[in-house]
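Let me begin by presenting the structure, written as structure tokens, before commenting on it.
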Amino acid sequence: MGRKLTFYIMIGLGLGLVTGWALHAAILAADPATAETLKGVAQVFPIITTLFLRLIKMIIAPLVLSTLVVGIAHMGDTSALGRIGLRALGWFVCASLLSLTLGMVLVHVLQPGVGLGLALPAAAEASGIDKAAFNLKDFITHVVPSSIIDAMAKNEIIQIVVFSIFAGVAITAIGKQAQPLVDAAEALAAVMLRITNYVMLFAPVAVFAAVANSLAERGPEVIGDLGYFMLSFYLALIILWALLAGIGFVFLGSRIVPLVRVVRDPLILAFSTASSEAAYPRTLEALEKFGVPPKIASFMLPLGYSFNLDGSMMYMTFASLFVAQAYGIHLSLSAQITMLLVLMVTSKGIAGVPRASLVVVAATLPLFKIPEAGLLLILAVDHFLDMGRSATNVVGNAVATAIIAKWEGTLETPGEEAPRPA
């Protein structure tokens with residue numbers, strides 16, 4: 001099913017580009033009455049995309065809870081959990097610094113905002129992005145759930161992770177008496193993965209709708225207006241991919257090639273839907289197929305989706321300094337390093353926040369006297385940038401999970417079966 005799904009997704013992507021472009025051109029060329037009818041037809045596209053993403057979100061909470069509880073229960077002792085957690089934390093910090101620093105360096109090398117010469121807006125002018133959606137203090141207190149039912153209902157991944165860690169450790173401590181809970185969690189995980197297979201059948205249609213909607217609404221000219229900025233950012237992403245692959249090669253050797261191959265499907269899905277979340281179930285399956293034990297994959301991925309969004313983090317420094325360049329604002333090296341450290345901390349609170357990267361950038365720009373209204377410049381193309389960010393997040397988490405499994409000495413070699421719970 002994997003290769004066929006990739007093929008159909010690519011077809012959906014191509015048809016979406018053609019359909020969206022043609023529909024936008026038809027709307028512009030039509031008389032007012034016909035144009036309104038065509039716009040009404042275009043409104044079907046976001047409905048399809050929303051339905052697909054809701055189907056994905058329907059799966060994620062029970063899948064994270066069940067796989068994480070089972071994974072921790074089968075680690076056998078809390079020392080292994082602590083060791084893996086510390087290694088994961090160390091990796092996430094280093095990967096965050098790499099992504100943020102790379103974004104800062106490349107925006108200076110490529111200079112996508114230099115020469116735009118935007119006039120400084122009024123001090124009170126805002127971007128329209130709700131910065132209240134991000135607050136570090138609220139994020140820290142929000143980590144611990146007041147109710148696991150409420151956390152699952154709202155797909156609060158970090159809260160589910162916290163509860164699952166407590167539940168998994170408690171199950172390990174109790175032993176045989178809690179075995180029925182482990183069996184139930186394993187069954188639930190199997191059911192969720194089967195549902196994932198059903199939901200993925202609709203992925204090509206959702207991809208078609210998402211791309212067609214973006215082009216029908218804004219047209220191809222919006223890409224041309226900020227073409228160099230988009231090209232610069234995607235070049236930066238390619239360099240980040242190369243660095244991640246290089247680091248993966250250092251630790252995994254030639255197995256980095258089959259790792260990239262096995263995460264191809266979730267990567268394309270994340271890119272075409274502009275959603276890292278949509279690729280979560282497929283990434284979990286792909287890593288287990290690669291040879292990462294379920295207990296490692298189910299522990300690392302939820303943490304990675306909360307704390308290791310490499311593409312999103314690089315975008316934060318890239319976009320922030322692009323806006324500064326566009327307004328002709330010079331920042332000293334010390335100010336840029338301070339911005340990097342601020343983003344390093346604030347980026348850890350973006351999980352589950354709509355348009356998370358933009359929200360964090362909007363909250364950070366005023367700290368350095370950069371007009372947040374400058375984000376209006378890139379809002380129109382943010383969907384196309386988010387496609388690259390989402391795909392990069394999948395790559396970063398796949399490499400991190402595989403390397404942690406290698407460090408633990410549990411990464412299976414080709415031809416062997418991945419370890420399964422006894």
Side-chain angles (χ1 to χ4, degrees), residues 57-89 92 141-197 280-307 351-352 397 400-402 404-405 407-412 416-422:
K57 290 181 179 181
M58 173 184 75
I59 300 166
I60 287 179
L63 182 61
V64 170
L65 177 66
S66 57
T67 55
L68 192 50
V69 167
V70 171
I72 293 172
H74 285 289
M75 283 184 187
D77 61 272
T78 54
S79 62
L81 176 64
R83 184 176 64 250
I84 294 172
L86 286 175
R87 285 176 169 175
L89 180 62
F92 294 162
T141 57
H142 190 64
V143 165
V144 179
S146 58
S147 165
I148 185 56
I149 303 300
D150 181 64
M152 293 188 68
K154 295 179 179 178
N155 263 352
E156 297 281 1
I157 299 300
I158 298 178
Q159 294 186 0
I160 296 172
V161 167
V162 170
F163 176 84
S164 300
I165 290 173
F166 276 99
V169 171
I171 287 173
T172 302
I174 292 174
K176 291 184 179 180
Q177 188 178 352
Q179 188 59 40
L181 289 176
V182 178
D183 295 338
E186 288 177 336
L188 178 60
V191 170
M192 289 301 107
L193 290 174
R194 179 57 62 91
I195 293 175
T196 298
N197 291 335
Y280 176 89
R282 279 298 186 195
T283 307
L284 184 64
E285 288 185 315
L287 287 170
E288 292 186 16
K289 181 180 178 181
F290 176 70
V292 177
K295 64 183 181 181
I296 302 292
S298 60
F299 180 73
M300 283 292 299
L301 270 188
L303 291 179
Y305 269 70
S306 299
F307 301 113
N397 281 318
T401 304
I404 294 297
W407 285 348
E408 285 293 303
T410 57
L411 184 63
E412 294 299 308
E416 293 182 348
E417 293 186 1
R420 295 291 174 182

Item checked: Pairing residues for Leu188 by the side chain to side chain contact (heavy atoms under 4.5 Å, CB included) criterion, not counting sequence neighbours -> Pro62, Ser66, Met192
Next item on the list: Report the residues that fulfil side chain to side chain contact (heavy atoms under 4.5 Å, CB included) with Ala151, sequence neighbours left out, ordered by chain and then residue number.
Entry: Pro145, Ile148, Glu156, Gln159, Ile160
So, for [X] and [Y], which heavy atoms are closest and what is the spacing to 0.1 Å?
X	Y	value
Leu193	Pro281	CD2-O, 4.4 Å
Ser164	Leu68	CB-CD2, 3.5 Å
Leu65	Met152	CD2-SD, 3.6 Å
Ile404	Ala88	CD1-N, 4.0 Å
Thr172	Ala73	OG1-CA, 3.5 Å
Asn397	Gly304	OD1-CA, 3.1 Å

Item checked: For Lys154, salt bridge (charged side-chain N to carboxylate O under 4.0 Å, His left out) partners two or more places apart -> Asp150
Name every donor-acceptor pair, under 3.5 Å, that has one atom in a side chain of residues 293-303 and the other anywhere in the protein, sequence neighbours excluded.
residue	atom	partner	partner atom	Å
Ser298	OG	Thr67	O	2.9
Ser298	OG	Pro294	O	2.6

Approximate separation, where rounding is to 0.5 Å, of [X] [atom1] and [Y] [atom2]:
X	Y	atom1	atom2	value
Leu63	Met58	CG	CE	11.5 Å
Ile60	Leu284	CD1	CG	11.0 Å
Phe166	Ile72	CZ	CD1	10.5 Å
Leu287	Arg282	CG	CZ	13.0 Å

Next item on the list: Name all residues meeting the side-chain hydrogen bond (donor to acceptor under 3.5 Å, both in side chains) criterion together with Glu408; count only those two or more places apart in sequence or in a different chain, and write none if there are none.
Entry: Arg83, Arg87
Check: What pairs with Asp183 under side-chain hydrogen bond (donor to acceptor under 3.5 Å, both in side chains), at least two apart in sequence or on another chain?
Finding: Gln179
Check: Between Trp407 and Ile84, is a side chain to side chain contact (heavy atoms under 4.5 Å, CB included) present by the stated rule, with each step listed?
Finding: CA-CA 9 Å; Trp407 285 348; Ile84 294 172; over 6 Å; no
Next item on the list: Under the side chain to side chain contact (heavy atoms under 4.5 Å, CB included) rule, what do Val64 and Tyr280 come out as? Steps first, then yes or no, please.
Entry: CA-CA 9 Å; Val64 170; Tyr280 176 89; 3.4 Å; yes
Check: Would you say Leu411 and Phe290 make side-chain contact, with heavy atoms under 4.5 Å?
Finding: yes
